[in-house]
Amino acid sequence: MLERLAEYMMDNSGNLNSPNNIANVLDANRVPTNHVTVGRYISYLRDAFVFYEAKRYDIKGKST
């Protein structure tokens, strides 16, 4: 499961991802998991410096 998660994250590095969406994709590809497990594994990969979290940046500069 960890290998499939890492592959998915590498393939979709430019997209917004959430543990829930990733868990749904993995379930559809016959990798049984849930969003809690995916979230923990993502945290472990970040702690190991395999992936970094990128914060969203507002390019258009809309004021709120």
Side-chain angles (χ1 to χ4, degrees):
M1 206 269 326
L2 181 61
E3 183 177 347
R4 297 291 297 267
L5 171 62
E7 287 174 1
Y8 178 84
M9 291 180 64
M10 287 185 281
D11 287 342
N12 295 287
S13 61
N15 301 331
L16 292 175
N17 293 311
S18 71
N20 193 30
N21 290 342
I22 295 172
N24 290 340
V25 170
L26 291 175
D27 279 337
N29 290 321
R30 296 190 179 130
V31 179
T33 188
N34 61 40
H35 68 280
V36 176
T37 303
V38 169
R40 286 182 184 161
Y41 278 24
I42 291 172
S43 176
Y44 300 152
L45 290 169
R46 278 195 321 236
D47 291 346
F49 300 106
V50 176
F51 291 100
Y52 294 92
E53 181 179 5
K55 302 291 183 187
R56 283 187 76 175
Y57 182 74
D58 185 14
I59 295 174
K60 294 183 181 181
K62 292 182 181 179
S63 61
T64 56

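FYI, side chains are in, hydrogens and waters are out, and symmetry mates aren't considered; it's all heavy atoms of this structure. All values derive from a computational prediction rather than experimental measurement. This chain uses plain numbering: 1 for the first residue, then up along the sequence.
- One finds the CZ atom of Arg40 at 14.0 Å from the CG atom of Leu5 (value rounded to the nearest 0.5 Å).
- Evaluation of the side chain to side chain contact (heavy atoms under 4.5 Å, CB included) rule for Phe51 yields Ala6, Met9, Met10, Leu45 as partners, not counting sequence neighbours.
- Side chain of Asn17 to backbone of Ser13: no donor-acceptor contact under 3.5 angstrom is found.
- Both Tyr44 and Leu2 belong to a single network of hydrophobic side chains, linked directly or stepwise wherever heavy atoms of I, L, V, M, F, W or Y lie under 4.5 Å apart.
- Both Val50 and Tyr8 are assigned to one and the same hydrophobic cluster, defined by single-linkage of ILVMFWY side chains at heavy-atom distances under 4.5 Å.
- The side-chain heavy atoms of Ile42 and Ile22, taken from C-beta on, include a pair separated by under 4.5 Å.
- Criterion: ILVMFWY side-chain heavy atoms under 4.5 Å apart, direct or through other members. Under it, Val36 and Met1 are not part of a common hydrophobic cluster.
- Around the CD atom of Glu7, the shell of radius 6.0 Å holds more than 12 heavy atoms that belong to other residues, nucleotides or ligands.
- The minimum heavy-atom distance between Arg4 and Leu26, with the atom names listed, is CB-CD2, 4.1 Å.
- If you take CG on Asn21 and NE2 on His35, they are separated by 11.5 Å, rounding to the nearest 0.5 Å.
- Residues satisfying the side-chain hydrogen bond (donor to acceptor under 3.5 Å, both in side chains) criterion with Asn12, sequence neighbours excluded, are Asn15.
- By the side-chain hydrogen bond (donor to acceptor under 3.5 Å, both in side chains) test, Asn34 is found to be paired with Thr37, residues two or more places apart in sequence or in another chain being considered.
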